[in-house]
Amino acid sequence: MPELPEVETVRTGLAAFLPGKKITHESYDWPKGFPNSDADVRQFLLGASITAVRRRAKVLLIDLDTAYTLVIHLKMTGQMVYRGDHEQFGAGHPNDSLIGRLPDKSTRVTLTFADNSKLFFNDQRKFGWMRLMPTIEVEQLDFFQKVGPEPLAADFTPAQFIARLKRRAKSGIKAVLLDQTVVAGIGNIYADESLWGAKIHPETKVQEVSPAKLQKLYESLRDVLQLSIEKGGSTDRNYVNAEGKRGSYLTFAKVFRREGKPCPRCGTTIIKLRVAGRGTHVCPRCQVLPKA
DNA sequence: CACTTGACCTGTCCGC
DNA sequence: TGCGGACAGGTCAAGT
């Protein structure tokens with residue numbers, strides 16, 4: 001579920017609420033998703049105050065003044081929702097909220113703060129996880145050692161992007177975009193959207209994509225990620241921001257989940273394929289495989 | 001080595 | 001209305 005724009009939207013929301021909050025209580029019902037020992041939780045989490053909320057790739061990082069960090073991956077259906085005391089953790093929000101009273105049956109971890117507000121980590125499918133570890137060790141995690149650059153970073157250039165893609169010259173380009181070690185944060189939605197923008201068929205081998213189209217892919221990737229962040233991310237089913245509200249990017253999506261509808265560029269009916277094991281949306285006229 | 005498949009889970013939707 | 005199967009935005013491990 002959450003890809004870079006969704007995790008970034010959650011980060012922004014949490015960053016508005018959490019810094020300075022002191023954790024007074026925690027509860028969890030999914031040891032596999034939050035495997036820390038009770039002793040570590042007591043020593044480094046309870047009584048700690050939050051100093052910052054960061055993001056790297058699709059991972060959320062909540063820094064504590066104990067020099068520990070909560071490392072969180074939402075995977076497919078994870079949610080991080082903050083509720084103030086005055087909201088009673090109750091009725092939810094009328095229109096744009098997907099969730100009501102909290103905790104609910106998908107709540108895995110609840111943090112309570114000194115002002116009695118709460119942070120809920122919900123995860124229907126239980127793929128997500130949360131881990132408490134020394135801040136200094138976070139960057140040593142295998143994932144962070146391998147993960148590629150942030151595509152929206154100011155110093156991320158087209159030349160860098162293209163060079164990294166070409167490390168897997170013989171692979172299908174969608175599979176390469178989804179590879180977190182090539183570029184960070186791209187998932188199924190933005191892979192499909194950016195390939196449509198650059199008029200590239202997702203199964204095209206990287207080495208067969210023209211330099212002009214690779215340049216165009218860099219631009220369309222950054223454009224769709226940026227637009228999605230502005231729209232609060234994509235909500236297909238589960239995703240919500242830190243306030244429990246949906247994102248609206250899918251309203252603007254050109255191909256994702258639009259099979260059977262006309263391509264916004266040429267009017268041809270969009271089709272759904274299976275590429276790299278993932279549901280994949282393409283315009284069969286705009287996005288054509290080069291002849292073998 | 002590179003790609004595909006299965007595993008991790010629950011919920012929903014679709015066809016019979 | 002019930003039931004089986006496919007599918008869902010991510011990643012990792014194992015198999016080919």
Side-chain angles (χ1 to χ4, degrees), chain A residues 1-10 29-35 55-60 71-80 98-99 104-109 121-131 141-148 165-196 202-208 221 224-225 228-229 231-241 246-260 272-281:
Chain A
M1 85 152 302
E3 307 180 30
L4 188 155
E6 290 73 36
V7 181
E8 179 59 22
T9 301
V10 172
D29 79 341
W30 186 238
K32 202 168 165 182
F34 187 19
R55 177 192 62 78
R56 175 76 170 97
K58 299 172 189 170
V59 177
L60 272 173
V71 183
I72 301 155
H73 201 307
L74 302 175
K75 289 288 182 83
M76 301 281 262
T77 56
Q79 306 170 326
M80 294 292 291
L98 272 183
I99 51 183
D104 63 23
K105 65 189 292 192
S106 75
T107 300
R108 307 297 164 211
V109 183
F121 173 35
N122 297 335
D123 187 16
Q124 179 183 101
R125 284 173 77 179
K126 300 182 177 176
F127 289 177
W129 47 263
M130 173 184 288
R131 214 179 123 190
L141 284 173
D142 204 40
F143 178 83
F144 287 118
Q145 290 292 304
K146 292 180 184 165
V147 74
L165 289 180
K166 285 188 170 172
R167 298 196 311 191
R168 293 189 54 193
K170 292 179 182 175
S171 302
I173 193 159
K174 177 167 178 177
V176 178
L177 285 176
L178 293 174
D179 182 343
Q180 300 299 296
T181 70
V182 174
V183 179
I186 304 168
N188 209 30
I189 298 175
Y190 304 103
D192 281 5
E193 290 294 301
S194 60
L195 288 167
W196 178 88
E203 290 175 303
T204 316
K205 293 187 190 320
V206 170
Q207 65 189 4
E208 292 170 358
L221 174 63
V224 295
L225 293 175
S228 183
I229 289 172
K231 301 301 177 189
S234 297
T235 295
D236 188 24
R237 30 172 63 105
N238 280 271
Y239 167 75
V240 294
N241 68 15
R246 315 167 64 102
S248 70
Y249 174 81
L250 283 190
T251 310
F252 302 87
K254 303 294 197 285
V255 286
F256 191 81
R257 281 277 164 131
R258 295 193 70 250
E259 61 270 30
K272 186 171 180 182
L273 312 172
R274 202 148 190 93
V275 176
R278 316 295 301 277
T280 298
H281 310 76

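What you see is a predicted model; the values in this text were computed from it and never measured. Lettering of chains follows the sequences in order, A, B, ..., and the numbering in each one begins at 1.
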Asks: Between A/Gln180 and C/dG10, does any side-chain N or O lie under 4.0 Å from OP1 or OP2?
Replies: no
Asks: Give one of base, sugar-phosphate or nothing for A/Gly279, where a contact means two heavy atoms less than 4.0 Å apart.
Replies: sugar-phosphate
Asks: Checking A/Thr9 side chain against A/Pro5 main chain: does a donor-acceptor pair fall under 3.5 Å?
Replies: yes
Asks: So does A/His73 get a side-chain nitrogen or oxygen closer than 4.0 Å to the phosphate oxygens (OP1/OP2) of C/dT11?
Replies: yes
Asks: Starting at the 5' end of DNA chain B, write a dot or bracket for each base, bracketing those in Watson-Crick or G-U wobble pairs whose two distances are under 3.5 Å and using | for partners on another strand.
Replies: .|||||||.|||||||
Asks: If you check the A/Gln124 side chain, which of C/dC12, B/dG11, C/dG10 turns out closest?
Replies: B/dG11
Asks: Using modelled atom types and a 3.5 Å cut-off, is there a donor and acceptor pairing between side-chain atoms of A/Lys58 and backbone atoms of A/Ile186?
Replies: yes
Asks: In whole angstrom, give the distance that lies between atom CD1 of A/Ile99 and atom P of B/dG11.
Replies: 15 Å
Asks: Rounded to whole angstrom, note down the P distance from B/dC1 over to C/dT11.
Replies: 23 Å
Asks: Could you give the CZ-to-P distance, from A/Arg278 to C/dA8, as a whole number of Å?
Replies: 8 Å
Asks: Expressed in angstrom and rounded to an integer, what is the separation of A/Asp179 atom CG from B/dC1 atom P?
Replies: 15 Å
Asks: Contact class for A/Lys105 (heavy atom, under 4.0 Å): base, sugar-phosphate, or nothing?
Replies: sugar-phosphate
Asks: Starting at atom CG of A/Asp236, determine the distance to atom C1' of B/dC13, rounded to an integer number of angstrom.
Replies: 13 Å
Asks: Could you tell me the separation between the CZ atom of A/Arg125 and the P atom of C/dC7, rounded to a whole number of Å?
Replies: 13 Å
Asks: Where the side chain of A/Lys126 is concerned, which of C/dG10, B/dC9, C/dA8 is the nearest nucleotide?
Replies: B/dC9
Asks: Within the distance-only criterion (no hydrogens, no angle test), does the side chain of A/Ser228 pair as donor or acceptor with the backbone N or O of A/Leu225 below 3.5 angstrom?
Replies: no
Asks: With the side chain of A/Lys272 defined as its heavy atoms from C-beta on, choose the nearest nucleotide among B/dC9, C/dA8, C/dT11.
Replies: C/dA8
Asks: Heavy-atom count check: over 12 atoms from other residues, nucleotides or ligands less than 6.0 Å from A/Arg131 CZ?
Replies: no
Asks: For the atom pair CZ (A/Arg55) and CD (A/Glu6), what is the distance rounded to the nearest 0.5 Å?
Replies: 10.5 Å
Asks: In whole Å, what is the span from the CE atom of A/Met76 to the P atom of C/dC12?
Replies: 14 Å
Asks: Return the orientation label for the A/Tyr249 and A/Tyr190 ring planes: parallel under 30°, perpendicular over 60°, tilted otherwise.
Replies: tilted
Asks: Stacking between A/Phe127 and B/dC8, defined as ring centres under 5.5 angstrom apart with planes under 30°, is that present or not?
Replies: yes
Asks: Quickly, which of A/Arg258, A/Lys254, A/Arg278, A/Lys174 forms a salt bridge (charged side-chain N to carboxylate O under 4.0 Å, His left out) with A/Asp192? Name it, please.
Replies: A/Lys174
Asks: Output all residues satisfying side-chain hydrogen bond (donor to acceptor under 3.5 Å, both in side chains) with A/Asp29, sequence neighbours left out; order by chain, then residue number.
Replies: none
Asks: Across the strands shown, which category fits A/Arg257 at heavy-atom distances under 4.0 angstrom: base, sugar-phosphate, nothing?
Replies: sugar-phosphate
Asks: Counting only side-chain N and O atoms of A/Lys170, is one of them less than 4.0 Å from OP1 or OP2 of B/dA2?
Replies: no
Asks: Write down the distance between CG (A/Asp104) and C1' (B/dT10), rounded to a whole number of angstrom.
Replies: 13 Å
Asks: Give a yes or no on whether the backbone of A/Lys146 and the side-chain of A/Asp142 come within a donor-acceptor separation of less than 3.5 Å.
Replies: no
Asks: Side chain of A/Trp30, heavy atoms from C-beta onward: which of C/dT11, B/dC9, C/dG10 has the nearest atom to it?
Replies: B/dC9
Asks: Look at A/Arg274 and C/dA8 and indicate whether a side-chain polar atom (N or O) is within less than 4.0 Å of OP1 or OP2.
Replies: yes
Asks: Mind checking A/Phe143 for me? I need base, sugar-phosphate or nothing, with any heavy atom below 4.0 Å counting as a touch.
Replies: sugar-phosphate
Asks: Using a heavy-atom cut-off of 4.0 Å across all strands, would you classify A/Gly277 as base, sugar-phosphate, or nothing?
Replies: nothing
Asks: Among C/dT11, C/dA8, B/dC9, find the nucleotide with the atom closest to the side chain of A/Lys75.
Replies: C/dT11
Asks: Specify the separation, in whole Å, of atom CG of A/Asp123 and atom P of B/dT10.
Replies: 10 Å
Asks: Between C/dA6 and B/dG6, how far apart are the P atoms? Round to whole Å, please.
Replies: 11 Å
